[in-house]
Amino acid sequence: MNWLKKGNLAAVAVILTLGTLLSFLFLDSLLRWALVRGGQAAAGARVEIGSVRTRLLEGRLLLRHVAVADRSEPMKNLLEFEDAELSFLPSAALRGKIVIPEATLTGLRLGTPRSRSGALPRAKPSKLELLAREQLAPVQKALQSQAGDLKALPKELDVKKLDSLRSLDDAKARLQGLPERYKAQAELPKKIERELKEIQAGLQSLQGGGGSPADIAGKVRAVQTAQQRLKALQAEVSQAKNDLAAQFEDVNAGLRKAQDLKNKDLNGLLAEAGLPTLDADSLTKRLLGPAASKKVSNALYWLSWARRHSAEKKGAQPKPEQRRRGVDVEFPRPGAYPEFLLEHAAFTGSLSGLAGGKDLSISGSLTGVTSNPPLYGKPARLELGGAIAGGPSFTLKGQLDSTKPQAQAAITFTAAGLPLAGATLGDGELGAQVQAGTAKASGQLKLDGERWVGEVLATAEGVSLEPKLGLSGDMARYAGSALKGVKRFGVRVGIEGAEDDLRLSLSSDLGQTLASGLKGAFSAAFAGQRKQLEDKLDALYADKAGPLSSQSDGLRKQLMGPLDAQQGALQDALKKAASKSTGGSPLDQLKGLFR
């Protein structure tokens, strides 16, 4: 063992000493770097930490001046706080686990402005952000800036450019192809009629015959066989009806889609002719969609992130191509900890100048956050709230339970007296700044397995709007007058579906109020021209939609009629067979043998 010499031992001792010294000297910097990188990966936006101080022997970690930018609004912070003190278990840390029994966070503030953008270079919007933009705030055609820019209305509309008519043509093609697709099932009523007559004849033959035990037992078996055949025929008819109904529903879906597209076609024609779009739904999305999409996408993003990361350990299995690599398995033995566990964190802070210059004190707690929920065995919970006497108040409660295979989550919140002054609606062309008003809101969002369902309701009262318009001429005057007339409005946001097929909806009486105000401001001549264009489109649409709807109803009756009749006949036959099996002569005779 020539390598075991004083020189070698000295070198090893020097290396270990330097390594330990460097760890103590640069541990805080390395930890700060890791926290920033990890935080930015989670938030999708900049994370800034003023300083990190570790006290390994005491098991304490101190963070100061932390700010997390809002990915949907980069010039705002999602949250920031002055200080955070975390206690951790040194013994667990030596085993590569982060266990935080207690944490306190002070100076919490939400939605504070930033001096520089918090957007990360080359950061892409999340799938949920894109979905929220598409469904809640789609790009709208601009209102025309001059009422005098009206063009001559087209004498004839180009049907090739109308999406609604193309949708009707598609629905008609599906309807015309339906009999051909149904051909394989067209012989089903005849087949059922033949088999039904055969079964009925067999049941009728049971009225005669011998009365010996063997004969009676044979009749009982015959009745049971007939019942099974009738039920099988019933299943065939039900399946055929369901298949046929699904094909007709496909046609009806095309009709409904065409109706929606008709409104969009009208908006496009109005824009081409220089007439303004006055559709209430479009105006609602124009004014409220951008803000709603940011808030909803932010909430869904964090809920999805928390759910995804809390469930990672449950299904941790080596990939096929990594079978030879080791896998860490956390056994639920006494004293065992997940790789990460935050048992309890308490936080306090304020929302500055929320009501007449007063600060709204907020407080809350976060418990049970872990990388392995099944091992920990408890759900993660969040509670947050605050109030000013006679002023704004809010509460928020959330729970994420990933301890079982089917994850479940729920978030509820309420808010009242929230000041709206300073908020903005719409965009640079059609928008407004809120000068005064308060809002109350409530909402809930639930996750059961893969399905989300939720609703947010809000009402704004005592509203005063200062129009911010990129329009000119009469249109600016009309839009400005309509916006100034808004004093209150309600908003509803709906959420439903799986994450990969989420459906979001936005509705409000604000769009209808603005549309009514604009319509009232336009001259009779202007409204008349709009009506002419609408009538032309309605006439073209009715020429296609009316006959198509009638044809669909007629074909449905023609194809469904025989199936309905056969279903009724099978039900009657099944009742008669049941009566023979329970009260008919074969069983009665069989029962008589044992009296």
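Numbers here are sequence positions counted from 1.
Of the inter-residue distances, the one linking L360 atom CG with I388 atom CD1 reads 4.5 Å to the nearest 0.5 angstrom. One distance of note links CG of L283 with OG of S516; it measures 10.0 Å at 0.5 Å rounding. In this structure, L303 CG and N298 CG are separated by 10.0 Å, a value rounded to the nearest 0.5 Å. Atom CD of E466 sits about 8.0 Å away from atom CD of Q433, to the nearest 0.5 Å. From L255, atom CG reaches atom NZ of K172 across 12.0 Å, with rounding to the nearest 0.5 Å. Rounding to the nearest 0.5 angstrom, the gap separating the CG atom in D535 from the CG atom in L540 is 11.0 Å.
Among residues two or more places apart in sequence or in another chain, the side-chain hydrogen bond (donor to acceptor under 3.5 Å, both in side chains) test is passed with Q176 by none. Annotation: salt bridge (Lys or Arg N to Asp or Glu O under 4.0 Å) contacts of D170 (sequence neighbours excluded): none.
Applying the salt bridge (Lys or Arg N to Asp or Glu O under 4.0 Å) definition to pairs two or more places apart or across chains, those involving residues 251-262 are E249-R256, K262-D538.
A salt bridge links E129 and R71; the closest N-O separation between the charged side-chain nitrogens and carboxylate oxygens is under 4.0 Å. The pair K397-E383 does not count as a salt bridge, with every side-chain nitrogen at least 4.0 angstrom from each carboxylate oxygen. Taking a cutoff of 4.0 Å between a charged side-chain nitrogen and a carboxylate oxygen, D500 and K127 do not qualify as a salt bridge. Salt-bridge formation is not detected for the pair K440/E461: no Lys NZ or Arg NE/NH1/NH2 atom is positioned less than 4.0 Å from an Asp or Glu carboxylate oxygen. Salt bridge E48/R116: present, at least one basic N to carboxylate O contact under 4.0 Å. Salt bridge present: K295 and E73 bring a charged side-chain N and a carboxylate O closer than 4.0 Å.
Listed for the D501 side chain is no donor-acceptor partner under 3.5 Å among the backbone atoms of G497. Using modelled atom types, one side-chain atom of T284 and one backbone atom of A280 make a donor-acceptor pair closer than 3.5 Å. Of the possible donor and acceptor atoms, none in the side chain of E450 sits under 3.5 Å from a partner among the backbone N and O of A498. Checked by atom type and distance alone, the side chain of D448 never pairs as donor or acceptor with a backbone atom of Q408 at under 3.5 Å. Side-chain N or O atoms of S167 include one that pairs as donor or acceptor with a backbone N or O of G254 at under 3.5 Å. Judged by distance alone, with hydrogens and angles left aside, the side-chain atoms of S549 form no donor-acceptor pair with the main-chain N or O of G546 at under 3.5 Å.
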Starting from the C-alpha separation in whole Å, work towards a yes-or-no answer on side-chain contact (heavy atoms from CB on, under 4.5 Å) for V486 and L514. CA-CA 8 Å; V486 174; L514 185 58; 5.6 Å; no

Does the side-chain contact (heavy atoms from CB on, under 4.5 Å) test come out yes or no for L110 and L78, once each step is laid out? CA-CA 6 Å; L110 308 175; L78 183 66; over 6 Å; no

Apply side-chain contact (heavy atoms from CB on, under 4.5 Å) to residues L136 and V296 and explain how you reach the verdict. CA-CA 9 Å; L136 299 182; V296 170; 4.2 Å; yes

List the steps and the verdict of side-chain contact (heavy atoms from CB on, under 4.5 Å) for S164 and Q259. CA-CA 7 Å; S164 58; Q259 178 62 43; over 6 Å; no

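For the pair R488/D509, a side-chain contact is recorded, criterion being any heavy-atom separation below 4.5 Å from C-beta on. The shortest side-chain heavy-atom distance between L288 and K285 does not fall under the 4.5 Å cut-off. Side chains of S505 and Q135 form no contact here, defined as non-hydrogen atoms less than 4.5 Å apart. Side-chain contact between K484 and P467 is present, with heavy atoms from C-beta onward closer than 4.5 Å. At a threshold of 4.5 Å between non-hydrogen side-chain atoms, the residues R381 and L366 do not count as touching. Residues L504 and V493 are not in side-chain contact: their nearest non-hydrogen atoms beyond the backbone lie 4.5 Å or more apart. Looking at heavy atoms from C-beta onward, F489 lies in side-chain contact with V463 at the 4.5 angstrom threshold. Within the 4.5 Å cutoff, the side chain of K76 has no heavy atoms near those of the T112 side chain.
Counted by atom type alone, N77 and D70 present zero donor-acceptor pairs between their side chains at under 3.5 Å.
Here the closest non-hydrogen pair linking A441 and A458 is CB-CB, 3.9 Å. Summarising the geometry of L548 relative to A171, their closest heavy-atom pair is CD2-CB, 3.9 Å, with the distance given to 0.1 Å. A409 and L400 get closest at one heavy-atom pair: CB-CD1, 3.8 Å. Across every non-hydrogen atom of A132 and S297, the tightest pair is CB-CB, 3.8 Å. For F347 against L384, the heavy-atom pair with the smallest separation is CE1-CD1, 3.5 Å. Nearest heavy-atom pair across L445 and L300 is CD2-CD2, 3.8 Å.
K378 NZ: 12 or fewer foreign heavy atoms inside a 6.0 Å radius. Surrounding CD of Q551 are more than 12 heavy atoms belonging to other residues, nucleotides or ligands, all under 6.0 Å away.
Of the options K446, R492, Q444, a side-chain hydrogen bond (donor to acceptor under 3.5 Å, both in side chains) to E455 is made by R492 and by none of the others.
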